[in-house]
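Every heavy atom of this structure was used, including side-chain atoms; hydrogens, water molecules and symmetry mates were not. The structure presented is a predicted model; accordingly, all values stated were derived computationally and were not measured. Here is the naming used below: chain letters follow the sequence lines, and residue numbers restart at 1 for every chain.
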Protein chains: 2
Amino acid sequence: MSSSQAGSRPGGRSARVQAAVHAAVKSLQAEAGRGELTVPAVAERAKVTPSTIYRRWGDLASLLADVAVERIRPDGPPAETGSAKGDLSAWAEQYAEEMSSSVGQELMRDILAARSQADNPARCCNLVRAQIDIIGERAKACNEVFPDTETVLDVVVAPIVYRSLFVDPPSAEHVQALVERLWAER
Amino acid sequence: MSSSQAGSRPGGRSARVQAAVHAAVKSLQAEAGRGELTVPAVAERAKVTPSTIYRRWGDLASLLADVAVERIRPDGPPAETGSAKGDLSAWAEQYAEEMSSSVGQELMRDILAARSQADNPARCCNLVRAQIDIIGERAKACNEVFPDTETVLDVVVAPIVYRSLFVDPPSAEHVQALVERLWAER
DNA sequence: TGCGCTAATGCAAATATTTTGCGTTAAGGC
DNA sequence: GCCTTAACGCAAAATATTTGCATTAGCGCA
């Protein structure tokens, strides 16, 4: 959406509606089982007409994906521990914890399930890349060795996500082992 | 379902309905865009009443997941190339090709999206494990070294699936590099 | 500030879907 | 061959989605 459009500015009507709808979704997700999470229910809680939601998001899946992408966004840069390996280790452990939680799993599923917005998964991955890049930049600034971001994705992130989605969530020890594997290379 | 139930035997009415519905889903998936893939549409093509589908599967997502689990099942054991590494390499490349395809991505998404049947992702992973185990057993029979199945999941399978779902599908070279990494360990 | 323009929303009717109660049917056990 | 039971079809009811039209809020501009 270009910034010349009426509703896309902060404080505009469009933005208020979006905020209200997002809040309604989160509120409904927090309380009841997923059974009550329906477009009319969200609309009612957001003090909005269902048709508004359908027109803006198309269907429930897209709305959920939209909310999920925002919720999955990291709060801030990775914590600093003194070393690049420590930073990555701490970040990976926290990331694994978030993705392993039932909430995190739901977020990933919502993001993957939306058949429209097919670029949401990539955006989600780019958020992760950015976090890893930050750690990498820090390492470079201190002349520390740090693996390629894509390698970190393959060796650390991918197993965390894969196990969280398909198998059992990885334990903290398992995550540490993944980081160790990264440093054991070459 | 216990085997004492009436419809669960091959050739029974229940089985025929299931086969017809599954076929209808595949047929609809093959032709049109996903827009026409709806429960009434499947029911019509399967010569069945929508209520039958709703009662047996609950909703479209569960039906799609059910079909997807069957479709994702491997045809046979991994091809034999003469060495364990060769076997894994060939298997991984084919697996990556299947998961990278739009069909494969849809299957994985369908499996993850079904909120009921929460054990489908694990079943899907177990199919993969079984294939890897077969290669491992062969290796053991020949006194070849072969990594732990869980390690293969982390190093080879997870990146393939993660990249297929969230990023860009991995190239054949990338997959080979994953296998190499596995053998480079220790 | 006030005026006009546009996109977004509300409302309500039309359409499509999902759910449910009840009678019927098909398959297996005896 | 009869009995039992789970699955199915049918149709009505409930719910969700789509759509046309009128209204409104916000923005640019004078």
Side-chain angles (χ1 to χ4, degrees), chain A residues 1-25 27-29 32-67 110 113-117, chain B residues 1-25 27-29 32-67 110 113-117:
Chain A
M1 301 186 185
S2 120
S3 64
S4 69
Q5 289 187 350
S8 64
R9 288 205 162 80
R13 177 168 61 156
S14 221
R16 279 202 306 276
V17 169
Q18 164 159 344
V21 171
H22 277 217
V25 168
S27 146
L28 282 171
Q29 281 177 333
R34 198 71 157 229
E36 310 304 330
L37 191 50
T38 173
V39 171
V42 173
E44 183 183 22
R45 179 150 318 191
K47 311 279 191 199
V48 162
T49 301
S51 64
T52 296
I53 294 181
Y54 286 117
R55 270 195 263 254
R56 276 181 68 133
W57 283 279
D59 56 2
L60 181 63
S62 295
L63 171 57
L64 294 184
D66 197 30
V67 174
D110 289 344
R115 231 167 286 290
S116 13
Q117 328 198 36
Chain B
M1 301 184 185
S2 121
S3 65
S4 68
Q5 291 186 351
S8 63
R9 289 205 162 82
R13 177 169 61 157
S14 220
R16 279 200 307 276
V17 169
Q18 165 160 343
V21 171
H22 277 217
V25 168
S27 148
L28 283 170
Q29 281 177 333
R34 198 72 157 228
E36 310 305 329
L37 190 50
T38 173
V39 170
V42 172
E44 182 183 23
R45 179 150 320 191
K47 312 279 190 194
V48 162
T49 301
S51 65
T52 295
I53 295 181
Y54 286 117
R55 269 195 260 256
R56 274 181 69 134
W57 284 278
D59 57 1
L60 181 63
S62 296
L63 170 57
L64 295 184
D66 197 30
V67 174
D110 289 344
R115 229 166 289 289
S116 12
Q117 327 199 34

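Atom-to-atom, CG of B:L60 to P of C:dA16 comes out at 17 Å; the value is rounded to the nearest Å. In this structure, B:L37 atom CG and C:dT17 atom P are separated by 12 Å, rounded to whole Å. Atoms CZ (A:R55) and P (C:dC11) sit 12 Å apart, rounded to a whole Å. Counting to the nearest Å, the C1' atom of C:dG10 and the CD atom of A:E44 are 16 Å from each other. B:L63 has its CG atom 15 Å from the P atom of C:dT17, to the nearest Å. One interatomic measurement links the two molecules: NZ of B:K47 to C1' of C:dT25, which rounds to 20 Å at whole-angstrom precision.
Of the candidates C:dA26, C:dC11, D:dA25, the closest approach to any side-chain atom of A:R16 belongs to D:dA25. For A:R56, the listed nucleotide lying nearest its side chain is C:dT9; candidates were D:dA7, D:dA25, C:dT9. With C:dA27, C:dA12, D:dG9 as the candidates, the nucleotide lying closest to the side chain of B:R13 is C:dA27. When distances run from any side-chain atom of B:P40 to the nucleotides C:dT17, D:dG9, C:dA26, the shortest one goes to C:dT17. Considering only the side chain of B:Y54, C:dT17 comes nearest among C:dG10, C:dT17, D:dG9.
Side chains of A:R56 and A:S14: a donor on one and an acceptor on the other come within 3.5 Å.
Rounded to 10°, the angle separating the first-five-pair axis and the last-five-pair axis of the helix from C:dT1-D:dA30 to C:dC30-D:dG1 equals 40°.
OP1 and OP2 of D:dG9 both lie 4.0 Å or more from every side-chain N or O belonging to B:S51. The side chain of A:T52 contributes no N or O atom lying less than 4.0 Å from OP1 or OP2 of C:dT9.
The base of D:dC8 does not come close enough to the side chain of B:S14 for any donor and acceptor atom to sit less than 3.5 Å apart.
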